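Report on one structure; see the data block that follows.
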Amino acid sequence: MAQPITDTMTGTFDENDPAEAIWSNCLQTIKEKINTQSFKTWFEPVRPLKYNNDELTIEVPSQFFYEWLEEHYYQLIQTTLHQIIGKRVGLVYSVRDDSLFDNQTVLFNEEEDIQKSKAAAIPFNDTPVNDTAKIYVANFQSKPPAGVNPMLNPRYTFENFIKGDSNQFARAAALAVANNPGGTSFNPLVVYGGVGLGKTHLVQALGNQALGLHKNIRVCYVSSEKFTIDFVDAIQSDRVGDFSSYYRSMDLLIVDDIQFFSGKEKTQDNFFHTFNTLHQMGKQIVLSIDRPPKELRGLDERLISRFQWGLTADIQAPDLETRIAILKLKSESDDIDIPQEVIEFIAVNVTSNIRELEGCLISLLAKASLENKDINTDLARDVLRVVVSDVKSPISIEEIQRIVCEYFNIPDDLIRAKTRKQEIVNARQIGMYLVKELTNSSLKTIGLHFGGRDHSTVIHSCQTVEEQMKLNQRFRDTVSQIRRKIEISSGR
Ligand code: ADP
Ligand code: MG
């Protein structure tokens with residue numbers, strides 16, 4: 001059995017920071033009690049940070065990780081720590097993935113504090129959707145103050161909002177606002193993007209998170225259509241005063257799809273005053289629009305100029321990798337097993353928006369179950385034919401490598417090898433460049449496929465190829481010939 005830290009500390013451990021020693025002692029014990037796979041998965045990535053005031057701080061890679069440890073290993077860790085240190089100590093988690101919970105440390109000391117701090121810091125229910133799902137549903141909300149109905153759908157969370165280049169900026173801004181409504185310079189926060197790209201999801205996730213993080217916060221989500229209809233009702237029933245003071249009492253007001261305000265002058269006027277009142281009081285306003293604000297017609301100039309007070313962040317169409325990640329998440333959360341190649345097939349072909357992506361997934365499932373067929377690429381092709389005119393197969397990185405090597409007449413594996421022979425380096429650089437041009441793979445993925453090189457090597461290779469293409473006509477022809485071969489091979 002591991003020794004209490006107070007006995008072993010002298011001499012062996014750094015008196016000032018025994019965290020390292022405590023944790024490694026703890027790991028030895030835990031290793032004997034759980035299977036190797038679980039140990040590797042859940043304990044090896046954990047880092048001890050500090051031990052003081054009877055509290056051990058450990059760093060975990062992500063929010064999800066923390067929840068898993070809490071749910072499955074809390075008792076084991078506590079008992080082990082107790083054995084090692086000889087008394088009960090607090091366990092403090094620090095989440096490394098600070099993109100989700102900026103600088104947030106979750107404190108656990110006593111049983112009752114657990115509930116409290118969970119309620120304060122984590123807007124998630126710690127029950128997984130099902131045994132295998134890796135997604136947690138954020139259905140925890142702190143109770144809104146009496147008389148406020150936030151009108152938020154708890155399904156929309158940051159946890160299940162896939163981050164990609166296309167939405168990274170808007171997502172980060174939304175997170176910052178959720179963590180500190182009214183306290184950032186992003187006021188108003190205006191999210192704009194085309195249909196089905198995730199505006200509603202994002203602004204509702206913001207609302208849900210704010211509600212989970214801040215006690216008694218008055219949050220209200222409303223579509224501009226509902227706002228308009230309610231306003232007209234209020235006029236008819238002579239309750240405009242009530243209507244206005246309700247919205248003007250919010251700490252966080254989210255108005256979705258404000259393009260529908262176009263041409264509705266009275267409603268806009270009311271909203272304009274609501275906006276001003278809230279802004280003056282330092283309350284947070286979040287808006288979404290389906291096009292860049294300056295292209296909005298029929299919207300009050302005064303209102304549009306207000307947007308410049310805050311931040312306008314756009315959501316673009318998702319790239320291939322993001323589309324794949326979204327499809328994976330959707331299929332996992334619905335607990336359906338879809339082969340990777342089918343996911344990629346759909347992601348390559350459905351490029352317009354995420355709602356359509358989801359639509360294809362649903363049609364595919366429906367077809368599979370109605371016709372009692374397996375979910376495979378052929379079935380997906382049938383489904384997609386209805387939606388997409390020109391169905392493509394994804395170009396794989398391997399296929400590109402094969403064609404490049406064939407062109408230069410070099411063995412396939414050399415393009416991934418360490419060799420620095422000029423002709424190989426040349427082929428490898430062209431290969432990386434074409435993968436980047438033709439597949440939407442991330443720099444990291446490309447590097448991995450070319451013998452585990454890092455992303456800066458990939459950037460360098462692509463730049464070299466681009467430079468040479470500018471300077472050298474023959475080189476340019478070579479690259480376009482190879483490119484053409486790849487396109488023909490994948491039926492483009
Ligand atoms: P918009 O309001 O821009 O028209 P929505 O927010 O309604 O789009 O998004 C359409 C669908 O796509 C929703 O089901 C939403 O959950 C999903 N979705 C959008 N963006 C993402 C994302 N980044 N990750 C996961 N799902 C997403
Ligand atoms: Mg929407």
Side-chain angles (χ1 to χ4, degrees), residues 62-64 97 99-100 124 129 133-139 151-175 177-178 189-209 220-228 253-262 286-293 295-296 312-336 338 343 346-347 350-365 387 440 442:
S62 65
Q63 178 67 21
F64 172 69
D97 175 11
S99 60
L100 195 56
F124 299 98
V129 181
K134 296 203 166 110
I135 306 129
Y136 281 70
V137 179
N139 56 3
M151 305 293 284
L152 289 163
N153 182 342
R155 186 173 87 81
Y156 294 122
T157 66
F158 282 109
E159 273 284 276
N160 60 22
F161 186 81
I162 299 279
K163 178 167 124 184
D165 288 350
S166 51
N167 60 37
Q168 199 164 358
F169 179 54
R171 178 183 171 278
L175 260 173
V177 167
L189 172 65
V190 183
V191 175
Y192 85 83
V195 174
L197 295 182
K199 299 181 298 295
T200 298
H201 188 141
L202 189 63
V203 296
Q204 291 225 16
L206 186 165
N208 278 314
Q209 170 121 329
C220 178
Y221 166 90
V222 63
S223 69
S224 62
E225 271 171 309
K226 182 171 180 332
F227 189 94
T228 307
L253 177 63
I254 305 169
V255 187
D256 204 358
D257 285 320
I258 61 162
Q259 69 275 4
F260 288 122
F261 278 151
S262 292
V286 175
L287 308 172
S288 87
I289 338 177
D290 72 352
R291 69 206 73 174
E295 288 173 20
L296 275 175
T312 302
D314 66 330
I315 304 185
Q316 299 281 339
D319 59 20
L320 180 63
E321 291 197 319
T322 310
R323 299 201 295 277
I324 292 177
I326 289 173
L327 285 170
K328 273 197 179 144
L329 178 106
K330 302 281 171 204
S331 58
E332 273 172 29
S333 61
D334 292 344
D335 204 17
I336 35 181
I338 301 190
I343 291 204
I346 300 175
V350 183
T351 53
S352 51
N353 73 52
I354 299 169
R355 195 169 299 140
E356 198 165 281
L357 210 56
E358 288 181 349
C360 285
L361 198 62
I362 293 165
S363 309
L364 180 65
L365 295 176
V387 212
N440 268 325
S442 70

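For ligands, and for the atoms within them, numbers begin at 1 and follow the listed sequence. The shown structure was predicted, so the numbers you read here are calculated from the model rather than taken from an experiment.
- For a threshold of 3.5 Å applied to N or O pairs, the pair formed by Val195 and ligand 1 contains no separation below that value.
- For atom 18 (N) of ligand 1, the closest heavy atom belonging to the protein is Ile354 CG2, 3.4 Å.
- Closest of all the heavy-atom pairs between Ser331 and Leu361 is N-CD2, 4.2 Å.
- Because the distance cut-off is set at 2.8 Å, Thr200 qualifies as a neighbour of the Mg ion (ligand 2) through one of its N, O or S atoms.
- Polar contact with ligand 1: present for Gly196 (N/O pair, distance under 3.5 Å).
- You'll find the side chain of Ile354 reaches within 4.5 Å of the side chain of Pro318, heavy atoms only.
- Annotation: side chain of Arg323 is in contact with side chain of Leu320 (closest heavy-atom distance under 4.5 Å).
- Ligand 1 has Lys330 within reach: a non-hydrogen atom of the residue lies less than 4.0 Å from it.
- Between His201, Lys199, Arg355, Glu159, it is Arg355 that holds the heavy atom closest to atom 7 (O) of ligand 1.
- Those atoms of ligand 1 that come under 4.0 Å of a heavy atom in Gly194, given as number and element, are 3 (O).
- Listed by number with element, the atoms of ligand 1 under 4.0 Å from a non-hydrogen atom of Tyr156 are 16 (O).
- Remark: distances from the non-hydrogen atoms of Arg155 to ligand 1 include one below 4.0 Å.
- Taking any N or O of Gly198, backbone or side chain, at least one lies under 3.5 Å from an N or O belonging to ligand 1.
- Short contacts between ligand 1 and Asn167, defined as distances under 4.0 Å to a heavy atom of the residue, involve ligand atoms 23 (N).
- Under a 4.0 Å heavy-atom criterion, Ser166 is not in contact with ligand 1.
- Side-chain contact annotation: Asp256 with Thr200, donor-acceptor N/O pair under 3.5 Å present.
- Between Phe227 and Phe260, the ring center distance fails the sub-6.0 Å criterion.
- Between Phe161 and Gly198, the shortest heavy-atom distance links the atoms CE1-O, 3.8 Å.
- Checked by distance only, ligand 1 and Glu358 come closer than 3.5 Å through their nitrogen or oxygen atoms.
- A heavy-atom distance below 4.5 Å is found between the side chains of Leu189 and Leu206.
- Among protein heavy atoms, atom 25 (C) of ligand 1 sits closest to Asn160 O, 3.3 Å.
- Using modelled atom types, one finds no donor on one side chain facing an acceptor on the other under 3.5 Å when comparing Ser224 with Asp257.
- Here the side chains of Lys199 and Asp290 are in contact, with some heavy-atom distance below 4.5 Å.
- Considering backbone and side-chain atoms alike, Ile162 places an N or O below 3.5 Å from some N or O of ligand 1.
- Asn160 is listed as a side-chain neighbour of His201, based on a closest heavy-atom distance under 4.5 Å.
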